[in-house]
Amino acid sequence: MTPADLTTESIRIGDMVVCSLTGDVLLHNQPEFERALAAALSEKPAVLAVDLARVVLFTCAGLNVLLDVRLRAPAQGTALVLLQPSRTVRRLLELTDTETLFPVLAAVDARSWELRGSSPSGVPVADLVGISPPTGCAPAARPAIPPGRT
């Protein structure tokens with residue numbers, strides 16, 4: 001993978017589709033990100049989890065795709081959640097004051113199809129999407145980013 005490359009992979013886990021991204025989400029590969037999420041949405045999952053743990057660079061081009069999917073997904077009965085957003089993604093969400101728009105998952109247990117995390121309102125994500133939350137469910141950890149650091 002060269003700088004500015006993006007790879008995507010989707011996997012279905014029960015009623016959920018996890019779309020994983022690796023690399024950079026920039027203006028020139030925005031269409032690839034859009035196609036990956038459109039393909040995942042076309043499966044009409046109850047939950048679309050966008051795995052952003054391995055995203056190195058994330059620009060407003062990627063944020064615009066997420067905002068678009070955030071508006072389209074509920075129309076077909078799909079809940080959109082972010083899975084383990086990288087520090088770069090979290091920072092952009094904070095800078096644009098959009099972090100409260102996306103529920104964040106700390107983990108997905110593929111063996112039991114459990115969702116672990118909480119929505120911006122503090123409601124467990126599993127409750128938002130109609131799945132019983134596991135016992136001891138904790139919100140996703142959000143490491144502090146020191147002021148002035150990106």
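Looking at residues two or more places apart in sequence or on another chain, you find no salt bridge (Lys or Arg N to Asp or Glu O under 4.0 Å) involving Arg70. Residues that satisfy the side-chain contact (heavy atoms from CB on, under 4.5 Å) test with Ala53, not counting sequence neighbours, are Asp51, Gln84. With sequence neighbours excluded, the residues that form a side-chain contact (heavy atoms from CB on, under 4.5 Å) with Leu27 are Gln30, Ala61. In this structure, the side-chain contact (heavy atoms from CB on, under 4.5 Å) partners of Ser10, at least two apart in sequence or on a different chain, are Val17, Cys19, Ala40.
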Using the rule given for side-chain contact (heavy atoms from CB on, under 4.5 Å), can you reason through Cys60 versus Leu92, listing the C-alpha separation, both sets of side-chain angles and the distance that settles it, and then say yes or no?
CA-CA 8 Å; Cys60 289; Leu92 181 64; 4.2 Å; yes
Let's go through Arg54 and Ser20 carefully: what are the C-alpha distance in whole Å and the side-chain angles of both, what is the deciding distance for side-chain contact (heavy atoms from CB on, under 4.5 Å) to 0.1 Å, and is it a yes or a no?
CA-CA 8 Å; Arg54 292 180 309 277; Ser20 300; 3.6 Å; yes
Trace of the side-chain contact (heavy atoms from CB on, under 4.5 Å) decision for Leu41 with Val69
CA-CA 9 Å; Leu41 275 177; Val69 171; 3.9 Å; yes
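Contact between Leu66 and Leu80 at its shortest, heavy atoms only, is O-CD2, 3.9 Å. The two residues Asp5 and Asn29 make their nearest non-hydrogen contact at C-ND2, 4.2 Å.
Interatomic distance, Arg91 CZ to Arg87 CZ, rounded to the nearest 0.5 Å: 8.5 Å.
Counting only heavy atoms from C-beta outward, the side chains of Leu67 and Phe102 approach each other to under 4.5 Å. The side-chain heavy atoms of Val55 and Pro85, taken from C-beta on, include no pair separated by under 4.5 Å. With contacts defined as side-chain heavy-atom distances shorter than 4.5 Å, the pair Val50/Leu83 does not qualify. Contact annotation: the side chain of Leu82 approaches that of Leu93 to within less than 4.5 Å [non-hydrogen atoms, C-beta and beyond]. Residues Val47 and Asp15 are not in side-chain contact: their nearest non-hydrogen atoms beyond the backbone lie 4.5 Å or more apart. Proximity of Thr7 to Leu21: side-chain heavy atoms (C-beta onward) are nowhere separated by under 4.5 Å. Here the side chains of Val89 and Leu63 are not in contact, with every heavy-atom distance at 4.5 Å or above. Counting only heavy atoms from C-beta outward, the side chains of Asp24 and Leu6 never approach each other to under 4.5 Å.
For Thr78 (side chain) and Pro74 (main-chain N/O), no donor-acceptor pair under 3.5 Å exists by modelled atom type.
Within the structure, the salt bridge (Lys or Arg N to Asp or Glu O under 4.0 Å) test picks out no pair touching residues 26-41 (sequence neighbours left out). Applying the side-chain hydrogen bond (donor to acceptor under 3.5 Å, both in side chains) rule to pairs touching residues 41-50 yields Arg12-Glu43, sequence neighbours excluded.
No more than 12 heavy atoms of other residues, nucleotides or ligands lie within 6.0 Å of CD in Glu9, so this atom counts as exposed by the packing criterion.
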